[in-house]
Student: 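Once you've had a glance at the structure underneath, I'll fire off some questions.
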Amino acid sequence: MTLGLCAKALAAVEVNSPNGHLSVRIDQTEEGLSYSVRSGDVAVLEQSRLGLETSIGNFGAGLEFVSSEESAVSESYRLPNGKTSFVDYEANELVATYANDRGDQLSVVFRVSDSDVAYRYRVNSEERHRIVVESELSSFNLPDESTAFVTWQVPWGGGYAATKPSYEEGYLVDVPVDTKSHTGLGFTFPALFKLDSEGWLLISETGTTSQYVGTRLSDPNEEGEYRIAFPEAAENAGVGESTVSVSLPMQTPWRTMTIGKTLAPIVESTVATDLVKPLYEPSKYYRPGRAAWSWLVWQDGSMNREDQVAFIDMAAALDFEYILIDAWWDERIGREGMKDLVEYARSKDVGVLLWYNSNGSWNDAPQTPRNRMASAPIRQEEMEWLQSIGVEGLKVDFFGGDKQVTMKFYEDLMTDANRYGLSLNFHGATLPRGWERMYPNHMTSEAVTASENLIFSQGFADKEAFNSTLFPFVRNPVGAMDYGPVVLNERFSKSPERGNFRRTTDAFQLATSVLYFSPIQHYGLTPNNLDEQPAHVLDFFRVVPAAWDETRFVDGYPGEKVVLARRSGEDWYVAATHSSEESKAYELSLPWLAGETLRMLHDLPDGTVGLKEAVVGDDGSLVVELEARGGVVLY
């Protein structure tokens, strides 16, 4: 759909990427502001709306063009716990400023790099000191032939103990761009679109702080235009407003678009961190690592000292950095017992991470510890105690909304935790929006239908291989994803006589430790795996990293297969999975590894893991064979 065709054109400004391939044009007509994005001759976005509806007026139509200014942006920075450790960012920036009849100004800021487009708004006024942003006019108008890979938003009150929305829904895959959600609430970020045969587009946002809400995409209209949607009033059990209230001058988060002829720019993008800055200095080095985690397979019954000692010993045997001790620890192990358990773990060189309920009045979840995070004085007292006994990080769960008050809660949690040297992992939570750079102690967040659902639903377990080909292309490119990979038991239970059945191969499970990026990677291994798995599998767990220096897309299509390569130091790890119900051979192109001899952990016909050497051809080609719902790892 083209906006404002019949309206009189008032002004237009443009900005291009450094290589000249991407271009953005802002148009002003009597009907309002709009923008369009092109990649060469291909329309990525047709005319899409710009503007804000606020307490001091509508910043859309009726504006006067004031000025435009273009500049170059160049920055190099490090991500100590990222999918890429060092980033060189180059972009061109356009600032177009417009004024209403009272002289209040709206600036639209576009940044265009060689593979990303991003924009945000700034509002300023000489006479006014505060503003309420009631809604946005902002939209994304996709070409009609596009298809969507999106996950729907759900209303508050659903799910376990009224803890949703929590970014844990299923996906619509390769559907027409005008497809609506069954809930009527649209779709959460990030959202992936295939531009017919012309390439790919990933839409998300970054830079969200206590000064705004977390937004999403509305349902599209019949032309495939999605608007920015604010939280529902009922989210967080009605706590807080669904609008934005801030002082002036103000600026919104960035809306981001990553564009590629292939999926490589999307998988490899760092746009979520390119556009933000650290908001404080880390109080210590927050180390990445792998964590043992009893709750996933052994569930609540494992919250006792004996079982946790067994998992600490397993972590030590595999050279893991951490153990995560989940809900109910305060009641079933006790605070004094936890102090002793932390000392035991530290004697084994294993750091301890502890679970907390976010609590407050916004969920009905009974799990403890409760009422220790929502109040600042109590939270700081708790964190001081945690620091004193040597706990290294927290997993905080059950948030249930994207309102400004909730974004402030996330920010307060991270800021306070940094004072006490604690890293943070959020579950039942929103998408992390650039937070690993903004808040240096933010390590990872769930914001995905994660591995706990393997235990809860056989239907989800049946789709495990299918989901593995979606998450690396949709959710994981914009931020760390705490999925909780690698379960090697045949059934998802402590007992082999009960629980849902695993449908994937052992090599598939190993591959997910590389495919899913999270700088603290919580494994679903259990102590019996130490005796059941061959030495070459255990040796792999001892060396596979959790953070990376480089990430590369190799091959794949969402819903069918995925092949990624990640580097740590000089060591490369290549992992592949597919959703096929049949065994298949795939030819990989690995030109930077031409002539190299690699270890290959591969599927055996019985679903276990074999080990052999694989020599990459001089042309960089290598053929791998995957069993049904199988996988492979090369390293």
Student: Under the criterion side chain to side chain donor-acceptor pair (under 3.5 Å), I'd like the reasoning laid out for Ser247 against His129: C-alpha separation, chi angles, the key distance, then a yes or no.
Tutor: CA-CA 6 Å; Ser247 61; His129 302 290; over 6 Å; no

Student: Hey, are Thr215 and Glu205 close enough side-chain-wise for a donor-acceptor pair under 3.5 Å?
Tutor: yes

Student: Just grab all the salt bridge (Lys or Arg N to Asp or Glu O under 4.0 Å) pairs involving residues 84-95, residues at least two apart or on different chains.
Tutor: Glu93-Arg111

Student: Tell me if the aromatic rings of Trp385 and Tyr420 count as close, with their centers under 6.0 Å from one another.
Tutor: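 Ring centres of Tyr420 and Trp385 not closer than 6.0 Å.
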
Student: Do Arg38 and Glu14 sit within salt-bridge range, that is, some charged N less than 4.0 Å from a carboxylate O?
Tutor: no

Student: Mind telling me whether Trp435 and His442 have parallel, tilted or perpendicular rings, with 30° and 60° as the class edges?
Tutor: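 Plane angle over 60°, so perpendicular.
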
Student: When you measure from the side chain of Glu225 to the backbone of Leu142, do you find a donor-acceptor pair of N or O atoms at a distance under 3.5 Å?
Tutor: no

Student: Is there a donor-acceptor pair closer than 3.5 Å between any side-chain N or O of Ser358 and the backbone N or O of Asp397?
Tutor: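 The answer is yes, because a donor-acceptor pair under 3.5 Å joins these two groups.
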
Student: In terms of side-chain heavy atoms, does Ser48 have a donor or acceptor partner in Asn141 at a distance below 3.5 Å?
Tutor: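 Absent: no donor and acceptor within the cut-off.
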
Student: Less than 4.0 Å between a side-chain N and a carboxylate O, is that true for Glu381 and Arg372?
Tutor: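 Answer for the salt bridge query: yes.
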
Student: To the nearest 0.5 Å, what is the distance between CG on Leu94 and CD on Glu69?
Tutor: 9.5 Å

Student: Output yes when Lys261 and Glu198 qualify as a salt bridge under the 4.0 Å nitrogen-oxygen rule, no when they do not.
Tutor: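 Salt bridge present between Lys261 and Glu198.
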
Student: Taking the side chain as C-beta and beyond, is there a heavy-atom pair between Arg216 and Leu185 under 4.5 Å?
Tutor: yes

Student: Would a distance-only check, ignoring hydrogens and angles, find a side-chain to backbone donor-acceptor pair under 3.5 Å from Thr270 to Asp274?
Tutor: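 Side chain of Thr270 to backbone of Asp274, a donor-acceptor pair under 3.5 Å: no, none is there.
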
Student: Would you check if there is a donor-acceptor pair between the side chains of Asn441 and Ser423 at a distance under 3.5 Å?
Tutor: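 Note: Ser423 and Asn441 side chains miss the donor-acceptor criterion.
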
Student: For the residue pair Asp114 / His21, report whether a side-chain donor-acceptor contact shorter than 3.5 Å exists.
Tutor: no

Student: Closer than 4.0 angstrom, basic N to acidic O: yes or no for Arg287 and Glu392?
Tutor: yes

Student: Taking the side chain as every heavy atom from C-beta outward, state whether Ile56 and Leu248 have any pair of such atoms under 4.5 Å apart.
Tutor: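 Of all side-chain heavy-atom pairs linking Leu248 with Ile56, at least one is under 4.5 Å.
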
Student: Work out which heavy atom in Glu223 is nearest to a heavy atom in Asp144; give both atom names and the distance.
Tutor: O-OD1, 3.4 Å

Student: Where the side chain of Asn81 meets the backbone of Pro519, is there a donor-acceptor pair that is under 3.5 Å apart?
Tutor: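 No.
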
Student: Show me the pairs that pass ring-ring contact (aromatic ring centres under 6.0 Å, His included) and involve residues 215-238, at least two apart or across chains.
Tutor: Phe193-Tyr226, Tyr212-Phe230

Student: What verdict does the side chain to side chain donor-acceptor pair (under 3.5 Å) test give for Ser135 and Glu53, after you've listed the backbone C-alpha separation in whole Å, the side-chain angles of each residue and the deciding distance to 0.1 Å?
Tutor: CA-CA 5 Å; Ser135 64; Glu53 294 179 319; 2.5 Å; yes

Student: Check whether Glu268 reaches the backbone of Pro265 with its side chain - one donor and one acceptor, N or O, closer than 3.5 Å.
Tutor: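 Not confirmed, Glu268 side chain does not pair with Pro265 backbone.
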
Student: Of all the heavy-atom pairs spanning Leu195 and Pro143, show the shortest one and how long it is.
Tutor: CD2-CD, 4.3 Å

Student: Checking Arg227 side chain against Glu136 main chain: does a donor-acceptor pair fall under 3.5 Å?
Tutor: yes

Student: List the steps and the verdict of ring-ring contact (aromatic ring centres under 6.0 Å, His included) for Tyr119 and Tyr35.
Tutor: CA-CA 10 Å; Tyr119 75 90; Tyr35 72 103; 5.2 Å; yes

Student: Check the orientation of Tyr410 and Phe426. Use parallel for under 30°, tilted for 30 to 60°, and perpendicular for over 60°.
Tutor: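 The arrangement is perpendicular - the two ring planes meet at more than 60°.
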
Student: Flag yes if more than 12 heavy atoms outside Glu64 fall under 6.0 Å of its CD atom; otherwise flag no.
Tutor: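 Open.
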
Student: How far apart are the C-alpha atoms of Met414 and Asn418, what are their side-chain angles, what is the distance that settles it, and do they pass the side chain to side chain contact (heavy atoms under 4.5 Å, CB included) test?
Tutor: CA-CA 6 Å; Met414 289 185 280; Asn418 185 60; over 6 Å; no

Student: Output yes when a side-chain donor or acceptor of Asn363 lies under 3.5 Å from a complementary backbone atom of Ala365, and no otherwise.
Tutor: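 Checking the backbone N and O of Ala365 against the side chain of Asn363, a donor-acceptor pair under 3.5 Å is found.
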
Student: Any idea which heavy atoms bring Phe517 and Gly82 closest together, and the distance?
Tutor: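 Scanning both residues completely, I find the closest heavy atoms to be CZ-C, 3.3 Å.
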
Student: Shortest non-hydrogen contact from Gln404 to Val213?
Tutor: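 Heavy-atom minimum between the residues: N-CG1, 3.5 Å.
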
Student: Mind jotting down which residue pairs meet the salt bridge (Lys or Arg N to Asp or Glu O under 4.0 Å) criterion with at least one end in residues 400-411? Sequence neighbours excluded, please.
Tutor: Lys408-Asp412

Student: Which pair of non-hydrogen atoms, one from Tyr286 and one from Pro440, has the smallest distance, and what is that distance?
Tutor: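 Closest approach of Tyr286 to Pro440, heavy atoms only: CD1-O, 3.8 Å.
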
Student: State whether the side chain of Arg475 and the backbone N or O of Ala480 hold a donor-acceptor pair below 3.5 Å, judged by distance alone.
Tutor: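 Checking the backbone N and O of Ala480 against the side chain of Arg475, a donor-acceptor pair under 3.5 Å is found.
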
Student: For the pair Phe553 and Phe473, name the ring-plane relationship: parallel under 30°, tilted 30 to 60°, perpendicular over 60°.
Tutor: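 Rings of Phe553 and Phe473: perpendicular, over 60°.
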
Student: Relative to each other, are the rings of Tyr483 and Phe471 parallel, tilted or perpendicular (30° and 60° limits)?
Tutor: tilted

Student: Within the distance-only criterion (no hydrogens, no angle test), does the side chain of Arg49 pair as donor or acceptor with the backbone N or O of Ser139 below 3.5 angstrom?
Tutor: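 Checked: no pair found.
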
Student: Assess whether ring-ring contact (aromatic ring centres under 6.0 Å, His included) is satisfied between Phe189 and Phe187, documenting all intermediate values.
Tutor: CA-CA 7 Å; Phe189 290 126; Phe187 303 97; over 10 Å; no

Student: Nearest 0.5 Å please: distance from the CZ atom of Arg437 over to the OG1 atom of Thr273.
Tutor: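 One finds 6.5 Å between CZ of Arg437 and OG1 of Thr273.
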
Student: Measure the spacing between OG of Ser242 and CD of Glu232 and express it to the nearest 0.5 Å.
Tutor: 7.5 Å

Student: Mark yes or no for whether Arg379, through its side chain, and Met373, through its backbone, hold a donor-acceptor pair below 3.5 Å.
Tutor: yes

Student: Start with the C-alpha distance between Leu52 and Leu106, add both sets of side-chain angles, then the distance that settles side chain to side chain contact (heavy atoms under 4.5 Å, CB included), and finish with yes or no.
Tutor: CA-CA 9 Å; Leu52 303 172; Leu106 172 78; 4.1 Å; yes

Student: Would you mind telling me which of Asn425, Thr444, Asn476 makes a side chain to side chain donor-acceptor pair (under 3.5 Å) with Ser518?
Tutor: Thr444

Student: What do the steps show when you test Tyr77 against Phe86 for ring-ring contact (aromatic ring centres under 6.0 Å, His included), and what is the final call?
Tutor: CA-CA 6 Å; Tyr77 65 93; Phe86 186 81; 8.0 Å; no

Student: Report the C-alpha distance between Ser125 and Gln105 in whole Å, list the side-chain angles of each, state the deciding distance to 0.1 Å, and finish with yes or no for side chain to side chain donor-acceptor pair (under 3.5 Å).
Tutor: CA-CA 6 Å; Ser125 174; Gln105 292 190 344; over 6 Å; no

Student: Check the pair Phe110 / Trp254 against ring-ring contact (aromatic ring centres under 6.0 Å, His included), numbers first and verdict last.
Tutor: CA-CA 9 Å; Phe110 270 93; Trp254 292 93; 8.9 Å; no

Student: Determine, using ring centers only, whether Tyr167 and Trp152 are less than 6.0 Å apart.
Tutor: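 So the answer is no for these two rings.
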
Student: With a cut-off of 6.0 Å (strictly less than), are more than 12 heavy atoms of other residues, nucleotides or ligands near CD of Glu241?
Tutor: no

